[in-house]
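Structure record follows, encoded as structure tokens.
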Amino acid sequence: MKKTPLSFLSSLKLTFTLLLIIAIASILGTVIPQEYEGGESFSHLSPGLVKAFNSLQLFDMYHSVWFIILMCLLSLNLIVCSVNRFPTSWRLFRKVPSLDRSKPFEDLSPDRVLVIERRLNEVIARVENLVRRRYKRVRRSDTANTTLFQGEKGAYSHFGVYIIHLSILIFILGEIIGSLFGFNAFVNLPEGEFTSTVYLRRQRGIKKLDFTVRCDKFSIAYYDNGMPKEYRSDLSFLKNNKAIYQGPLLVNHPITFDGIKFYQASYGSVPGGQAYITIKKANERQSSIAVKLKDSFYLKEKDARVTISRIEENLMDMGPAVLLKIQSPQGNMRLWVFKDIEKIKEDIPDLFQKVPKFNPGLLKPYYFKLNSIETKYYTGLQVSHDPGASIVAIGAFFIIIGLIITFFSSHKRLWVRLDEKDHRTRIMVGARSNRDPVGLKRETEYLLRHLKKQG
Amino acid sequence: MVINTTILSWVTFIYLASSIFYIFRMVTGRAFWGPFASYIALAGLIAQSFALILRWVESYKLGIGHAPLSNLYESLIFFAWSIVLLYLIVEWRIKSRNLGAFVIPFAFLFMAYASFSPDVSSRIQPLIPALQSNWLISHVITCFIGYAAFTIACGLGFMYLLKGLGKGRGPRPFLRSLPDREILDELAYHSVVIGFIFLTLGIITGSVWAYSAWGSYWSWDPKETWSLITWLIYAAMLHSRFVRDWRGKRMAIMSIIGFASVLFTYFGVNYLPGLHSYF
């Protein structure tokens, strides 16, 4: 064979080499943490290694240039191999089997030969009937004392493998279309809030939607044993401030709006904007108040105005806290009031010496205490649009068809020859198949059994 | 202990007994022990099916009804069940009991792992939201029928290699009693074909499910990636047979490598981070 670029591309050696490299690369990708899964996990790698991996795009390996080149080579290899082999299969499909009188019956085992005590013209109609019932494209040729039938079926089985290869190309096409014209984004939406902007995962940009999505409510239902039963977001989709669609979003039940799919992906909680604090004054009755962000109140004794300037659900891993801005004639100060101040002091006994602004008793004679902060849920929505998905689905349909044709059908050809001699008819049955010798044997034995009954 | 798990832990011993009979039969070369092995395996399969139905009913009584296919314990049990079922069908079709010694021990091992490993909880648990999908049943069933077929192919591969050991080293009665290598090769090929088709279906049903649960039919999650690697190994095996006409020893070795990949897809991936953490 001549060495041409085409023969390189069509070699099975290339296929195996590519498959091997892709398999090894895929294994690497399952071991090396991938970027979009969250970057924390490669902090244990040495900086040099991180740099090397980065330059090889190993942190986003499945989308790296070299992985895509490998995939392209594999597709090319698949196409060239299939195109090279197709004419042979086409010939086998089109080829009219020979009406050769002897060849199919060479080395025929004796159990494929029957002798019936009847004349040829007495049995011929039944034989023809039987053959025509079981086989397609049946042809007949007659000479003086001999009749030959030739039939075949399942010629389409030669195409199964091309259907499989084609569906793999359809998969790749669907994937390409999806990554070119689709997007994959997310957005975290607190209850009661709305947005028309989502964050793209891979491209790391934002995407403006033509409509607004609002999270009316997020809720979790639990089983008796505490395992989560249902995550549910009640969403509204608005256009020009008018709700066009409202409905619950559940895991496994995405909502499609305007061609864009929304999935329930995660959830979390954010401060709800309200905190409950207690203000104690030495030897005086304490008073508890509910405050909102930017609220302020007046403390008479110090002539101080206190404003809530921040409400944090978890400040520096020390739990809920509010920031009080205190303005008084003695000067302005900021004071962080933690909910779990006792516990924090246990861990860091000299906390107030180090960070005076964490001391809830800093503004004597007042003492502040944070009782709780109100939290509300946010829902984590996966927002995506994948025009390639339906193409991939078509590929999936065809790969199943292709596999069934390839493995469960075979091109069977049958030759039946009847010779008359001394008022007896000899019937010989020859058969060939490209696959499935067991099925062919069963089929042939069926025919012989029925032919015997004729006699 | 709940009744279904009690039955299932007994089934473990039934499969152990069956494995011992199959191996004993093969080593001594006495066909006499064969029917014992087969009927014990069949009894185990019936008891196991009964326990699975019981478990299913029980989950409904707990008010969290779902098919018993939802965690590692249940998937191991179903894997063993598929292996024994598929094996008994093959045994009945080919009318030979030699393969049992190479396949039933796998069913025993998976049952033993499910029943006695402290890491595997046998409790009936409710379905977390991600698993509440109609695709759960079809995905798990197709995958494990595929895995079971690959288990049988792997058993045939071992048998083929063992048969090869007897060549040219004087007669070894039990090796001679094994089926011809051509038959083993053909059978292994058929098992791989069945496994390959079901693995393909399993990957497709999994993708459809992932598309409705996570919004992406393929996300290179370790389990997905490893199932693809497994698929590629068996695809390479089928191609080398179709195009290069590789047979025999190479195929036997490939069916063992393929099965190792199946096992890694099933168990090993749990040690890697990813989405399939429930299995």
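Quick note: numbers below take in every heavy atom, side chains included, and nothing from hydrogens, waters or symmetry partners. Every chain is numbered from 1 and lettered A, B, ... according to where its sequence line falls, protein lines coming before strand lines. These numbers were taken from a predicted model, which means no experiment stands behind them.
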### Minimum heavy-atom distance A/Lys229-B/Pro129, with the two atoms named
O-CG, 3.5 Å

### Message
Within residues 160-182 of chain A, which residues come under 4.5 Å of chain B, heavy atom to heavy atom?
### Response
A/His165, A/Ile168, A/Gly174, A/Glu175

### Message
Heavy-atom count check: over 12 atoms from other residues, nucleotides or ligands less than 6.0 Å from A/Phe16 CZ?
### Response
yes

## Note on the structure
So, the part of A/Asp224 with a heavy atom under 4.5 Å from chain B: the answer is neither

### Task
Name the member of A/Ala393, A/Ala265, A/Ala221, A/Ala389 that forms the most heavy-atom pairs with chain B at distances under 4.5 Å.
A/Ala389

### Message
Using every non-hydrogen atom in the two residues, find where A/Ser384 and B/Gly215 come nearest and quote the distance to one decimal.
### Response
OG-O, 3.5 Å

### Structural part of A/Leu20 lying under 4.5 Å from a heavy atom of chain B
neither

### Message
Are A/Tyr62 and B/Trp218, when compared by the centres of their aromatic rings, separated by less than 6.0 Å?
### Response
no

#### Entry: Within 6.0 Å of OH in A/Tyr199, more than 12 heavy atoms from elsewhere
no

### Summary
Under 4.5 Å to a heavy atom of chain B? For A/Ser26 that would be both

#### Entry: A/Asn252 versus B/Trp209, side-chain donor and acceptor atoms under 3.5 Å
yes

### Task
Answer with side chain, backbone, both or neither: which region of B/Tyr217 has an atom nearer than 4.5 Å to a non-hydrogen atom of chain A?
side chain

### Query
Would a 4.5 Å heavy-atom cut-off, applied to side chains only, mark A/Asn225 and B/Pro126 as touching?
yes

### Message
Which atoms of A/Gln382 are under 4.5 Å from chain B, going by heavy atoms: the side chain, the backbone, both sets, or neither?
### Response
side chain

### Query
What part of B/Leu228 is in contact with chain A, defined as an atom under 4.5 angstrom from a non-hydrogen atom: side chain, backbone, both or neither?
neither

### Toward chain A, the part of B/Ile194 with a non-hydrogen atom under 4.5 Å
side chain

### Task
Pick one of side chain, backbone, both or neither for A/Tyr231, based on which atoms fall under 4.5 Å of a heavy atom in chain B.
both

### Task
For chain B, find its close neighbours in residues 401-410 of chain A: heavy-atom separation under 4.5 Å, sorted by number, or none.
A/Leu403, A/Thr406, A/Phe407, A/Phe408

#### Entry: A/Ala396 portion near chain B, given a 4.5 angstrom heavy-atom threshold
both

### Query
Is a donor on one side and an acceptor on the other found under 3.5 Å between the side chain of A/Tyr223 and the backbone of B/Leu127?
yes

#### Entry: Region of B/Ser240 that comes under 4.5 Å of a non-hydrogen atom in chain A
both

### Beyond-backbone contact of B/His239 with A/Thr15, side-chain heavy atoms, under 4.5 angstrom
no

